[in-house]
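Beneath this line is the structure, given in structure tokens, with notes to follow.
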Amino acid sequence: MSSLQFWKPGTVGPGSTLDRATEAEGSVISSAPIGAAVSIQAARERLPIFKHKEKLLYCVENYGVTILVGQTGCGKTTQLPQYLHEAGWAADGNVIACTQPRRVAATSVAARVATETLLDPLLSRYSVVMIDEAHERSVYTDLMLGVLKKIRRKRPSLRVIVSSATLDAAGFLDYFSSGNPPGEATIVSLEGRMYPVHIAHLEQPTPDYVAKAIDVVWNINLQRSSGDVLVFLTGREEIDRCLEGLAELLPTLPRGATRLKLHALHSGLPMDEQLAAFEPAERGFRKVIVSTNIAEASVTIEGIKYVVDSGFVKIRTYNPTTSLSSLSTIPVSRASAIQRAGRAGRTSYGACYRLYPASTFESLPPTTQPEITRTDLTTPILQLKSLGIDDLMKFEWVSSPPAEAVLRALESLVASGMVGEDGRLTVIGEKVAECPVEVNIARMLFASKDYQCGEEILTIAAMTTVQDVFVIPDGAAGALAELERRKFTAEEGDHLTLLNAYNAFTRYGRSSSWCKAHALSFRALSRAVSIRAQLKKYMQRFGLPIENCQGDAKRLRQCIVSGYWRNGAKWMADGTYRSVRGNVVLHVHPNSVLFTRKPRSGWVIFHEMEETKKTQIRILTEIEPDWLLEYGHKFHDKRTGVGVSVR
DNA sequence: CTGTCTTTA
């Protein structure tokens, strides 16, 4: 996700996590803005970008698009906007904007730009728009680049700055040059602030990179000078296995050898455990952090001297034909492998041990497939339409998504009434485009007026948006957690169970200790509270009443169906389900309260499905089959000729 | 029999 972040020129700009980590003291994990340390003149002039100031300003003056290649930590994010401000780009009421991944997110951009654009399609208030970390290629940086290219055709005075990693710069140059006169775009390179990193590869491929990682970490500790170790694996299960393996070796550590402090790092951990990985190790200890991709770009850990890279990553892909998303483990790109290695060279020279042969590195794809080519496009296309881009055939994608994905997204927008047969946004489509949630949730919120259950639907919307509400510890604690969870269980299914958990959380003081005692995630619930508050504002803005359902769970379930009627499924005697659309075999996620129970009616609706080894459905609620027909008859799939039928 | 990442003026 990416966004426009607006700030007053002359104040400290929004640094990226990466830039900030070198410019601020200590560890940085959150995306909270730092203080004003960087405004000290001497510190500013020490940054590598300072030497390039004149050149940069020359390029912005003379080229429409400046592609800025700079290593993380060179100061581009914090300094460039100030240079532009000093050079007068913010004079006469002009605005310099900067967008970033992992910041205020995208709908707000679309919505904000949309509100202005509908009145001011050429963004004439903006003199310069900077897209930061563009090489990460999030859906919204890609959309913004496309929109900016279009705007520049109509208003050449707009300046665009695209900050990028080395490998991707030529691609951005081609993109902005194509179809434009010469001199449209240029590349500026800034020197980084990196120390050399020695790269080592295995001679032979390994059949078990977790075992190999344990081996390599152990040998680094015995044979290499002091400095912390960062290991890249793909997920929680691997991380736990690696840490267990290392823990088993600890008693064999020779007398006098450096001792090890072991840490896991992945997004599923409670915040205090995540923060622990950022604490410096005690004297006489070497810190080993075994991490997912979270440490590749999202957070920076100081003091890493050794990186161990499995060469794999988990990535989400989406199949528009089956509407199935899946999480698969694939080899990383060369760009990722280089980025991971770079984590060893931030404070001194370092070393990276790749758990695969050099020949494998050469055969890796140069970059990761951009997210826009492997995601559900329903929301992105709704947002493009809200920006007035109705003719998607003419939109210049940085990377084109599959035609099938565009088509399916349009179909689903038409089916849900967001887009009319003429291809333009409907009245409700315009409103939903402003809502920071997926279309199905927004439909549910709008329908709550008819079912008089806005208060509860708001909570359900927020709770289905956050993840991992119920904590599942291993072993005996897991069984205990299961007992705790039963206290919230609703007969009707997971949506109401989530509602119960939320209500209990707010009733009992929103405390972290209460969550711990009831096997709930404090982080997830706190997030749900804040999302709910935001959604409530949207409902009030659209004049939707926030009524209590007075304990009528049937109304609530019918309202959920209004958003999710395409996700109906029928129970089978073997405990699996069949999807109403497509008759696909579905397995209930083990986290569901309906995992071991047959729904009385034999029918459910589900929030989402995902392909793992099997096709799994998550967040289920029991429904009556005729509730599906009520919505289903309005929708007939033109491609397959299959409507929603309930047999 | 189970969570890569991110997450909306």
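In what follows, every chain begins at residue 1, and chains take the letters A, B, ... in the order their sequences are listed.
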#### Entry: Proximal nucleotide (of B:dC5, B:dT4, B:dC1) relative to the A:P590 side chain
B:dC1
### Task
Nearest whole angstrom, please: distance from the C1' of B:dC5 to the CG of A:L269.
14 Å
### Message
Nearest to the side chain of A:P436, heavy atoms from C-beta on, is which of B:dT8, B:dC1, B:dT6?
### Response
B:dT8
### Message
Over all strands shown, is A:K613 touching base, sugar-phosphate only, or nothing at heavy-atom distances under 4.0 angstrom?
### Response
nothing
### Task
Check every atom of B:dT7, B:dC1, B:dC5 against the side chain of A:R527 and return the nucleotide holding the closest atom.
B:dT7
### Task
Could you please name the option among B:dC1, B:dT2, B:dT4 that lies closest to any side-chain atom of A:F595?
B:dC1
### Summary
From CZ of A:R523 across to P of B:dT7 the rounded distance in Å is 11 Å
### Query
How many Å lie between CZ on A:F312 and C1' on B:dC5, as a whole number?
19 Å
### Query
Do any side-chain nitrogens or oxygens of A:T292 fall under 4.0 Å of OP1 or OP2 in B:dC5?
yes
### Query
Quick one: A:L265 CG to B:dT6 C1', roughly how many Å, whole number?
15 Å
### Query
Is the closest side-chain donor-acceptor distance between A:T141 and A:E136 under 3.5 Å?
no
### Query
Nearest to the side chain of A:Y538, which nucleotide is it out of B:dC5, B:dT2, B:dA9?
B:dA9
### Query
Which residue, A:V313 or A:V466, contacts DNA chain B at a nucleotide closer to its 5' end, judged by nearest heavy atom?
A:V313
### Query
Any luck finding a side-chain donor-acceptor pair between A:T489 and A:T497 under 3.5 Å?
no
### Query
Under 3.5 Å, is there a donor-acceptor pair linking the side chains of A:S333 and A:T368?
yes
### Query
Where the side chain of A:Q534 is concerned, which of B:dT4, B:dA9, B:dC1 is the nearest nucleotide?
B:dA9
### Query
Is a salt bridge present between A:R241 and A:E244, judged by a nitrogen-to-oxygen distance below 4.0 Å?
no
### Qualifying residues under side-chain hydrogen bond (donor to acceptor under 3.5 Å, both in side chains), relative to A:E608, sequence neighbours excluded
A:R618
### Task
Under the side-chain hydrogen bond (donor to acceptor under 3.5 Å, both in side chains) rule, collect the residues that match up with A:S399, sequence neighbours excluded.
A:R137
### Message
I need the CD-P distance between A:E238 and B:dT4, as an integer number of Å.
### Response
9 Å
### Message
Is A:K614 close enough to B:dC1 that one of its side-chain N or O atoms is under 4.0 Å from OP1 or OP2 there?
### Response
yes
#### Entry: Euclidean distance, atom CG of residue A:D240 to atom P of B:dT2 [Å, nearest integer]
14 Å
### Task
With DNA chain B as reference, determine whether A:E438 or A:R316 sits nearer its 5' end, using the nearest nucleotide of each.
A:R316
### Query
How long is the line joining CZ of A:R340 and P of B:dC5, in whole Å?
12 Å
### Query
Starting at CD of A:Q467 and ending at P of B:dC5, how long is that distance when rounded to a whole Å?
9 Å
### Query
Checking all strands, does A:F232 fall into the base, sugar-phosphate, or nothing category for heavy-atom contacts under 4.0 angstrom?
nothing
### Query
Choosing from B:dT4, B:dT2, B:dC5, which nucleotide comes nearest the side chain of A:L327?
B:dT4
